[in-house]
Each structure stands twice: as structure tokens, then as C-alpha cells.
Amino acid sequence: MEPLRPDDPRRLGPYDVVARLDADGDRIPVPERRFIARLPGGNRTVLISLPLPGTDPARFAAEAAAARQRPPHPWLAPVTEAGGTVEAPWYASPYLPALPLTAALAAHQGPLPEHTVRALGAALAEALAALHATGVTQAGLSPAAVLITAAGPLLTCFGAVRAAAPDGEPRSGLPGLASGSLAPEQLTGGRPRPPGDIYALGSVLAYAATGHLVPERRELPEGLRRTIASCLTREPASRPQAARLLQELTPAAGTAGFAGGIGGFAGDPHGEPMAAPHATVLDGTVSRTSAALGPGWLPGRLIAALARQSAELLAAETVPPTPYGPAAGRDHDSFVAPVPSPWPYSQTALGPASPPPAPSGLPASPAS
């Protein structure tokens with residue numbers, strides 16, 4: 001949580017803007033402008049995202065609208081409101097204390113423990129598997145797009161690659177895009193597809209485990225080396241699918257881990273990898289993901305950082321609106337009424353001991 005700059009909006013729709021979520025000068029670019037805001041009186045707090053200058057606001061609004069219609073998922077930040085103007089759209093998600101992954105490494109003063117990285121990867125793989133099953137490519141996964149909460153990670157910034165540049169245009173060096181998280185085929189202008197999300201997931205896990213988006217193979221923890229390297233291969237068809245990654249990152253109860261420490265489930269007397277029995281994205285595998293995100297999944301320093309953010313927000317004063325242009329408190333007429341929020345957490349607590357139950361089904365939604 002960072003103080004507002006002079007050119008930041010002070011009001012968006014009915015919300016008073018309180019603070020920035022992201023720090024300036026981070027070497028990992030942030031795909032969106034993100035603010036913490038609340039209703040006058042403080043009875044509702046939200047995280048509001050705006051497009052970056054230089055990106056396509058119409059595409060940003062289209063991605064937000066598509067995300068708003070998708071079924072809820074424990075590890076996808078829900079889009080519950082949208083508003084603004086054609087030139088300056090915004091969308092909102094319910095707020096709970098959260099650290100961008102970049103801020104989490106800073107708070108931890110270094111790479112995260114392997115068990116935390118594994119749990120993080122399992123949750124993100126589960127979220128991607130759910131999206132890919134409906135024909136949707138997330139197209140925005142990067143370290144800055146992942147928010148760390150006490151109950152688990154949240155995936156945000158849907159469609160940032162598509163908003164940054166249309167298909168066919170090179171995307172290297174564009175606003176908000178971390179080149180190390182972009183698959184080679186997307187850097188050159190290729191259409192975002194699920195294998196690109198897998199590449200991005202590999203870069204996120206590499207960053208969480210080492211502090212680098214594309215580290216040397218020897219820098220990776222031995223227990224995750226093969227899994228992460230398989231995501232970061234240049235050939236899209238050679239990357240694993242999200243459901244396979246989910247199985248690799250969540251060993252079944254009673255197994256001792258991974259064969260050889262680098263992939264595949266232990267227990268096969270012939271040394272071959274063993275898949276979890278009868279596991280699917282929506283049944284046993286989900287329960288194993290939830291178990292991985294139980295008490296102790298986060299280091300103590302991150303729990304303390306989340307508590308500090310909650311306390312700082314409670315103590316924060318709202319700055320009165322000032323005339324800084326169209327983005328500052330002038331979009332009331334275009335405000336879109338909120339839909340009922342599927343978000344199960346309170347707005348100031350750190351969240352429940354376990355994440356919300358997975359949905360019973362994933363009806364098809366239109367691809368973005």
C-alpha cells in the first residue's frame with residue numbers, strides 16, 4: 001500500500017481513492033494501475049484497476065466485462081463492478097489485505113520457501129485449468145498480476161497482453177508487460193493461447209523461487225527444477241497442460257513427494273511417474289490444493305506485512321477530490337451498478353483459515 005501521487009484520481013464512481021496498491025519503480029512492470037478505494041463512511045472497500053497509459057482502454061474494458069461474467073473460482077479475483085468512461089474505464093474487485101508477489105518477496109527479504117512456491121503454483125495451475133477448460137486464455141499472468149493473501153493467491157490482470165497490443169504486433173518493451181513472463185510466440189505478436197499462460201506460470205514460479213523471471217536452471221530449487229523448466233521451454237507444444245502441472249504440484253495424500261525430487265509422483269516400484277488416482281480439477285485435486293494452502297503456507301514475515309496493510313488502511317484518511325482531469329471524480333454518470341459479490345471474505349480481516357469451496361461446475365463462457 002503506497003501513498004497517492006498528485007496526478008492520481010481521488011474518486012472513481014462512488015468510491016474515494018485511499019492509496020495505491022503498487023510501489024513506484026518496481027523492476028517488474030505492473031499491467032494495470034491499481035488503487036485501494038472505499039465508499040464514504042468506510043462500509044465497503046474495493047481494489048480498483050485502471051488501464052495503463054499507452055494501452056487500449058476499449059480492450060481493457062472488454063476484458064473486464066468478460067471476467068465479470070465468468071463463474072467464481074477460489075483463486076481468480078472476481079470482477080464485481082465496472083464503470084468509468086470510454087477513455088478511462090475501470091473495474092473493481094472486493095478488497096482484502098493482499099501483497100503483489102513482487103512486494104511479497106520484498107517483505108520476505110528474498111525468494112520464498114519451496115513449500116510456499118509449490119502451493120502458489122498449485123493454486124495458479126488450478127485457476128488456469130479452470131479457465132482453459134472453458135476456452136479462455138488468461139493472457140496477463142506475471143509476478144505483478146499475482147496477489148498474495150493469507151488464504152491463498154489471487155490471479156488478476158486478465159487480458160493484459162491483448163490490451164497492450166493487438167495480435168500481429170511485437171509486444172517486447174510495451175507498457176505493463178514483463179518480457180520474461182511473455183512466451184516467445186507472444187513477444188512476436190502471436191495470439192495468446194493456453195501454452196502462453198503456462199510459460200507465464202513458469203516465470204512466476206521461477207521468480208517466487210529465485211527472485212528472477214528467467215533464472216539459470218541451477219538456481220531453481222531441485223524439487224521444482226524440472227516442473228518450472230518444462231513450463232519455460234520455447235516450444236508451445238512441449239509445455240505441460242495446467243491440469244498436469246496441478247497434479248505435479250499437489251502430491252496425493254500418503255506419497256512422499258516426487259520421484260527423484262524433480263517430477264512425477266513417488267510410489268511406482270518401476271520408477272515411473274504416477275498420477276493422482278481419479279483426481280480432477282474439481283474434486284480431489286482441489287482438496288489437496290486447499291491443504292497445501294492451510295496454516296503455515298505463508299512465512300511469518302508475509303503474515304505480518306498483510307496485518308500491517310490492514311492496520312494502515314483502517315488508519316488512512318481519504319484525500320478530498322481535486323481537479324486533476326477526467327480520471328479524478330468525474331465519472332459518476334457512467335458508473336455501472338455492482339452485481340452481487342461472490343467474495344466470501346470480510347473486508348478488513350485476513351481471511352478464513354481455509355479458502356472457499358470450489359464451484360460445483362464450470363459452465364462455458366465466451367473466450368476472450
Side-chain angles (χ1 to χ4, degrees), residues 8-22 30-40 43-73 75-96 98 100 127 130-131 134 136-141 144-145 147 154-164 166 175-176 192 321 324-345 347 359 363-368:
D8 285 334
R10 264 48 181 185
R11 194 169 179 86
L12 292 165
Y15 296 102
D16 294 326
V17 180
V18 177
R20 283 174 160 251
L21 179 68
D22 302 288
V30 181
E32 302 169 350
R33 299 172 67 200
R34 299 186 292 200
F35 300 93
I36 301 172
R38 60 191 174 200
L39 289 176
N43 61 345
R44 177 173 169 79
T45 305
V46 295
L47 180 64
I48 297 186
S49 296
L50 287 73
L52 291 177
T55 59
D56 182 356
R59 184 74 233 189
F60 176 93
E63 297 291 343
R68 193 177 181 188
Q69 299 302 316
R70 288 173 195 149
H73 190 278
W75 320 125
L76 297 176
V79 175
T80 53
E81 303 172 51
T85 64
V86 173
E87 297 81 12
W90 57 263
Y91 72 83
S93 300
Y95 166 83
L96 71 163
L131 289 174
T134 64
V136 173
T137 301
Q138 200 272 347
L141 179 55
L147 302 183
L154 291 174
L155 184 51
T156 68
C157 300
F158 304 97
V161 172
R162 291 183 286 256
Y324 288 109
R330 293 176 56 187
D331 62 343
H332 292 276
D333 292 341
S334 58
F335 171 69
V336 177
V339 296
S341 171
W343 201 243
Y345 303 107
Q347 293 181 19
S365 65
S368 297

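- The minimum heavy-atom distance linking Leu155 with Leu141 is given by the pair CD1-CD1, 3.3 Å.
- Heavy-atom minimum distance, Pro89 versus Pro51: O-CD, 3.2 Å.
- Atoms CZ and OG1, on Arg68 and Thr80 in that order, are 7.5 Å from each other to the nearest 0.5 Å.
- Side-chain contact between Leu50 and Leu12: present, with at least one pair of heavy atoms (C-beta onward) separated by less than 4.5 Å.
- Looking at every heavy atom in both residues, Ala37 comes nearest to Val17 through CB-CA, 3.9 Å.
- The side-chain heavy atoms of Leu131 and His73, taken from C-beta on, include no pair separated by under 4.5 Å.
- Closest of all the heavy-atom pairs between Ala139 and Arg162 is CB-NH1, 3.5 Å.
- Residues satisfying the ring-ring contact (aromatic ring centres under 6.0 Å, His included) criterion with Tyr91, sequence neighbours excluded, are Phe60.
- Applying the salt bridge (charged side-chain N to carboxylate O under 4.0 Å, His left out) test to Arg20 and every residue at least two apart in sequence or in another chain returns Asp8, Asp24.
- Of all heavy-atom pairs spanning Ala98 and Leu147, the tightest one is CB-CB, 4.0 Å.
- Expressed to the nearest 0.5 Å, how far OH of Tyr15 lies from CH2 of Trp90 amounts to 6.0 Å.
- At least one donor-acceptor pair closer than 3.5 Å links the side chain of Gln138 to the backbone N or O of Thr156.
- Considering all non-hydrogen atoms of both residues, Pro192 and Val161 come closest at CG-CG1, 3.9 Å.
- A distance of 10.0 Å separates CZ of Phe35 from CG of Leu47, quoted to the nearest 0.5 Å.
- At least one side-chain heavy atom of Pro100 sits less than 4.5 Å from a side-chain heavy atom of Arg34.
- Contact check for Glu32 versus Cys157: side-chain heavy atoms found under the 4.5 Å cut-off.
- Thr45 places no side-chain N or O within donor-acceptor distance of the main-chain N or O of Arg38, the cut-off being under 3.5 Å.
- If you take CD on Glu81 and CD1 on Ile48, they are separated by 7.5 Å, rounding to the nearest 0.5 Å.
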